[in-house]
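Structure first, commentary second.
Computed from a predicted model, the values in this text were never measured in an experiment. Heavy-atom basis, side chains included; hydrogens, waters and symmetry copies ignored. The first residue in the sequence is number 1, and the count goes up from there.
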Amino acid sequence: MLKTQRFYILPYFIWLFLFVIAPLALIIYQSFFDMSGVFTFKNYQTYFTSGKYLMMTLNSIWYACLVTLFTLVISYPTAYFLTKLKYKDLWLLFIILPTWINLLLKAYAFIGIFGIDGSMNHFLAFFGLGPTQILFTDTSFLVVASYIEIPFMIMPIYNALEEIDSSLISASRDLGADSYQTFIHVIFPLSLNGVKSGVQAVFIPSLSLFMLTRLIGGNRVITLGTAIEQHFLITQNWGMGSTIGVILILAMFVVMLLTQEKKKGG
């Protein structure tokens, strides 16, 4: 029996090594070499002493925080409302369906919507507001990024709300708490693990967005993901690109540690 279990777990370890451990090791290894292939710590020195890279880091964190905040504000009420619906599985399917569409296709769809001749400007023209430059702005980037990430925030919050024991809510009402007090002192605290999981699922990918910054933000939004793309594909400075990648990976680990689920003692 033990040999059979080891046999079935072997493909998992092979996959883990080839697609997680090996790429991470290669990125870390490459970050210690310059464009000439010479071992150096200069890439890390450049990153931490350059105002340009530090500003990109702050921009990445800022935009990731905004996207996470907007998705949370929209997703929590949506998830809470979903738990009250009769055909909740059907509505969940409608929320999940957009995630099946390729990200690039969704980006081009929004280019058509926000463009000068797009449907949004036609709608504004109906009210006499005239054509407005919506595309290639910070606002358009935040709207599209939030739209794409919303399902990944809704699902963990919805699951957390569904797992709450209804008897706890009934007990709160029996003890004289109104709906607001029940939500603040019972429902919301018990759903925090779902919120934390949603923050992880949204904030971490938002740190390294680069396709949307180019197609929707028009390179007005500069993040570390954009810098990595530039170094690997244009300047061919793989060492610097790998260094920024290592910084992003460390930042993601920090976020995961800060938002991890706390285990109950006992």
message: Can you tell me how the ring of Phe110 sits relative to the ring of Phe114, calling it parallel under 30°, perpendicular over 60° and tilted otherwise?
response: tilted

message: Quick one about Thr46 and Tyr53 (side-chain donor to acceptor, distance below 3.5 Å, no hydrogens or angles considered), yes or no?
response: no

query: With a 4.5 Å heavy-atom cut-off, do Thr223 and Leu207 have their side chains touching?
result: no

message: Aromatic contact between Trp15 and Tyr12, with the criterion being ring centroids under 6.0 Å apart: yes or no?
response: no

- prompt: Under 3.5 Å, is there a donor-acceptor pair linking the side chains of Ser167 and Asp165?
  reply: yes

Leu215 reachable from Ile228 in the ILVMFWY side-chain graph, under 4.5 Å edges: yes

task: Using distance alone, with no hydrogens and no angle criterion, decide if Glu149 and Thr71 have a side-chain donor and acceptor under 3.5 Å apart.
output: no

query: Any side-chain heavy atom of Ser197 sitting closer than 4.5 Å to one from Met155?
result: no

task: Give me the ring orientation class for Phe188 and Tyr76: parallel if the planes are under 30° apart, tilted from 30 to 60°, perpendicular past 60°.
output: tilted

task: Answer with yes or no whether the side chains of Thr57 and Tyr47 bring together a donor and an acceptor at under 3.5 Å.
output: yes

query: Less than 4.5 Å apart, any side-chain heavy atom of Asn121 and any of Phe126?
result: no

query: Any idea how Phe141 and Tyr63 line up, ring-wise: parallel (<30°), tilted (30 to 60°), or perpendicular (>60°)?
result: perpendicular

field: Beyond-backbone contact of Ser242 with Tyr29, side-chain heavy atoms, under 4.5 angstrom
entry: no

Validation row, ring centre Tyr80 to ring centre Phe183 under 6.0 Å: yes

- prompt: Given the side-chain rings of Phe19 and Phe17, with only the six-membered ring counted for Trp, is the space between their centroids under 6.0 Å?
  reply: no

message: Using a 3.5 Å distance criterion without hydrogens, assess whether the side chain of Lys88 forms a donor-acceptor pair with backbone atoms of Thr83.
response: yes

- prompt: Should the pair Phe232 and Trp238 be assigned to parallel (<30°), tilted (30 to 60°) or perpendicular (>60°) ring geometry?
  reply: tilted

query: Thr137 side chain to Gln133 main-chain N or O, any donor-acceptor pair under 3.5 Å?
result: no

- prompt: Are Leu85 and Ile95 co-members of a hydrophobic cluster defined by side-chain heavy atoms under 4.5 Å apart?
  reply: yes

